[in-house]
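Taking it in order: structure first as structure tokens, then the write-up.
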Amino acid sequence: MKTNLLDFNLPQLTDHFAAMGEKPFRAKQIMRWMHQMGEADFDAMTDIAKSLRAKLHDTAIVGVPDLMVSQESEDGTRKWLLDVGTGNGVETVFIPEDDRGTLCISSQVGCALECTFCSTGRQGFNRNLSTAEIIGQLWWANKAMGVTPKNERVISNVVMMGMGEPLANFDNVVSALQIMLDDHGYGLSRRRVTVSTSGMVPQMDRLKEACPVALAVSLHASNDRIRDEIVPLNKKYPLKELMAACQRYLVKAPRDFITFEYVMLDGVNDRPEHARELIALVRDVPCKFNLIPFNPFPNSGYERSSNNAIRNFREILQEAGFIVTVRKTRGDDIDAACGQLAGQVQDKTRRQEKWIRIAEEKDQ
């Protein structure tokens with residue numbers, strides 16, 4: 001089997017070429033061809049010695065996922081379903097805005113955490129994505145989106161907020177992050193790359209040391225009772241431990257705040273008393289809030305909070321001195337909005353069957 005060079009960050013690729021008897025600068029050349037030029041054909045890498053190109057033809061590939069489905073929303077959001085083999089597909093979303101273009105990348109086929117309001121969680125879990133499958137989403141999207149007339153990349157920001165819990169696939173995600181940040185890769189700033197986590201406390205500490213990019217925490221509740229119910233991981237790492245981990249992360253973070261994501265669920269977590277609990281919860285953590293109107297999906301069991309409830313919730317937080325944004329619902333006509341990504345998951349957990357059974361019982 002040939003080696004997929006997209007699986008390697010620069011130190012790993014340098015070691016790989018050293019084992020082939022090649023000098024370190026060859027790794028930098030190949031990195032630039034793969035990631036900056038979007039080139040997968042070794043014959044097109046014209047400044048590489050013919051002898052090395054021949055060797056690479058025999059031993060290596062630049063292997064990216066194949067496109068299964070491409071969709072474009074009325075608001076310009078684009079979503080791609082990419083084939084990662086054995087009947088599995090992951091979804092990648094590009095969100096254009098006036099001042100930036102953001103790519104939302106998946107890290108797993110499905111998700112094992114089973115947050116109750118998330119469509120991905122309902123699909124069950126198959127496996128972690130490889131580094132090549134993670135970075136391949138950025139490679140593929142860059143190729144599809146092209147560059148601006150001024151030769152600027154359309155994709156300026158990356159968020160690890162697609163399918164899966166990134167920190168549950170720690171090593172492969174970190175390797176992909178290092179490629180995104182490398183000047184011979186995509187050259188992105190740490191401030192423009194964000195990892196979202198549901199609160200895997202030990203891995204947050206590891207990320208702080210290995211590759212401290214911007215951090216978003218999927219909070220979604222103001223107390224342990226509610227969070228235990230809607231984010232089951234909270235039973236393992238409750239809010240007190242999570243807040244302490246956020247404080248530790250800020251020591252090395254590229255931004256001086258944590259972003260707390262908070263999906264607004266009608267009658268569950270959107271009352272004024274919940275906002276006041278939040279204020280007390282995060283009082284020692286420099287942060288901002290991103291309120292996310294719930295994006296419905298079939299048989300979710302939840303409703304989106306009213307505009308009035310969201311406005312009141314935001315105002316309570318703002319009056320306490322917090323920066324609060326309400327996320328625009330983008331791409332919901334193609335199921336590309338936050339919490340709607342489902343992909344194509346050959347579920348190993350039988351969770352899909354469980355949720356279908358629950359929905360059928362409710363209908364009876």
Side-chain angles (χ1 to χ4, degrees), residues 9 35-36 38 64 72-73 75-80 82 90-107 129 131 133-167 173-197 207 211-218 249-250 252-262 287-292 295 323-332 334 336-341:
N9 59 28
H35 299 296
Q36 295 182 5
V64 297
E72 185 165 359
S73 167
D75 63 23
T77 299
R78 295 181 65 174
K79 183 174 78 168
W80 300 285
L82 300 176
V90 296
E91 293 186 328
T92 305
V93 175
F94 173 73
I95 306 161
E97 297 183 68
D98 292 340
D99 59 343
R100 62 188 180 276
T102 301
L103 189 70
C104 181
I105 289 180
S106 296
S107 57
L129 295 180
T131 298
E133 290 166 336
I134 297 168
I135 203 66
Q137 295 170 66
L138 177 54
W139 187 99
W140 201 99
N142 256 329
K143 195 89 166 175
M145 298 303 299
V147 296
T148 68
K150 295 181 179 179
N151 206 35
E152 297 166 330
R153 289 185 182 274
V154 174
I155 298 168
S156 61
N157 293 58
V158 171
V159 293
M160 298 293 303
M161 294 182 184
M163 298 171 64
E165 161 58 59
L167 297 188
V173 164
V174 166
S175 185
L177 293 174
Q178 289 166 340
I179 296 169
M180 294 176 201
L181 301 174
D182 198 296
D183 287 341
H184 300 286
Y186 295 91
L188 292 170
S189 158
R190 292 181 189 272
R191 295 171 59 87
R192 290 182 173 269
V193 177
T194 301
V195 168
S196 175
T197 179
L207 184 67
C211 192
V213 293
L215 187 70
V217 174
S218 297
Y249 192 87
L250 283 169
K252 292 192 176 180
R255 294 182 171 180
D256 57 1
F257 60 87
I258 301 290
T259 299
F260 286 125
E261 309 277 349
Y262 197 96
C287 64
K288 74 173 188 179
F289 288 97
N290 188 6
L291 305 183
I292 306 168
N295 292 304
I323 295 173
V324 186
T325 57
V326 177
R327 181 176 293 175
K328 296 177 185 176
T329 299
R330 301 290 299 271
D332 57 349
I334 56 170
C338 182
Q340 288 186 322
L341 299 191

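Bear in mind that the values here come from a model prediction, so they are computed numbers and not experimental data.
Shortest non-hydrogen contact noted between Trp80 and Ala144 is CZ2-CB, 4.1 Å. In this structure, Val195 and Pro166 approach most closely via the heavy-atom pair CG1-CB, 4.0 Å. When all heavy atoms are compared, the tightest approach of Ser106 to Leu129 is O-CD1, 3.5 Å. When all heavy atoms of Leu188 and Leu181 are compared, the pair lying nearest together is O-CD2, 3.2 Å. Heavy-atom minimum distance, Pro96 versus Asp75: CG-O, 4.4 Å. When all heavy atoms of Val173 and Ser107 are compared, the closest pair comes out as CG2-CB, 3.9 Å.
One finds the CH2 atom of Trp139 at 13.5 Å from the CD1 atom of Ile179 (value rounded to the nearest 0.5 Å). In this structure, CG on Asn9 lies 7.5 Å from OG1 on Thr131, to the nearest 0.5 angstrom. From His184, atom NE2 reaches atom NE2 of His35 across 12.0 Å, with rounding to the nearest 0.5 Å. Note that CD of Glu261 and OG1 of Thr325 are 8.0 Å apart. Values are rounded to the nearest 0.5 Å. Going from atom CG of Asn290 over to atom OG of Ser218 covers 10.0 Å, rounded to the nearest 0.5 Å. Considering CE of Met160 and CE of Met180, their distance stands at 5.5 Å, rounded to 0.5 Å.
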Apply side chain to side chain contact (heavy atoms under 4.5 Å, CB included) to the pair Thr194 and Thr259, showing each step before the final yes or no.
CA-CA 10 Å; Thr194 301; Thr259 299; over 6 Å; no
Tyr186 and Leu138: side chain to side chain contact (heavy atoms under 4.5 Å, CB included), yes or no, with the steps?
CA-CA 9 Å; Tyr186 295 91; Leu138 177 54; 3.7 Å; yes
Hey, mind stepping through Met161 and Val93 against side chain to side chain contact (heavy atoms under 4.5 Å, CB included) and telling me if it holds?
CA-CA 10 Å; Met161 294 182 184; Val93 175; over 6 Å; no
Should Leu207 and Leu177 be marked as a side chain to side chain contact (heavy atoms under 4.5 Å, CB included) after you check the CA-CA gap, both sets of side-chain angles, and the distance that decides it?
CA-CA 11 Å; Leu207 184 67; Leu177 293 174; 4.1 Å; yes
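No side-chain heavy atom of Trp140 sits less than 4.5 Å from a side-chain heavy atom of Thr92.
Judged as a salt bridge (charged side-chain N to carboxylate O under 4.0 Å, His left out), and not counting sequence neighbours, Lys143 has no contacts.
Listed for the Arg255 side chain is a donor-acceptor partner under 3.5 Å among the backbone atoms of Arg191. Although no hydrogens or angles enter the test, the distance criterion places no donor-acceptor pair under 3.5 Å between the side chain of Gln137 and the main chain of Cys104.
More than 12 non-hydrogen atoms from other residues, nucleotides or ligands lie less than 6.0 angstrom from CG of Asp99.
If you run side-chain contact (heavy atoms from CB on, under 4.5 Å) between Phe94 and each of Glu72, Lys79, Met145, only Met145 comes through.
Judged by distance alone, the side chains of Glu165 and Thr197 do bring a donor and an acceptor atom under 3.5 Å apart.
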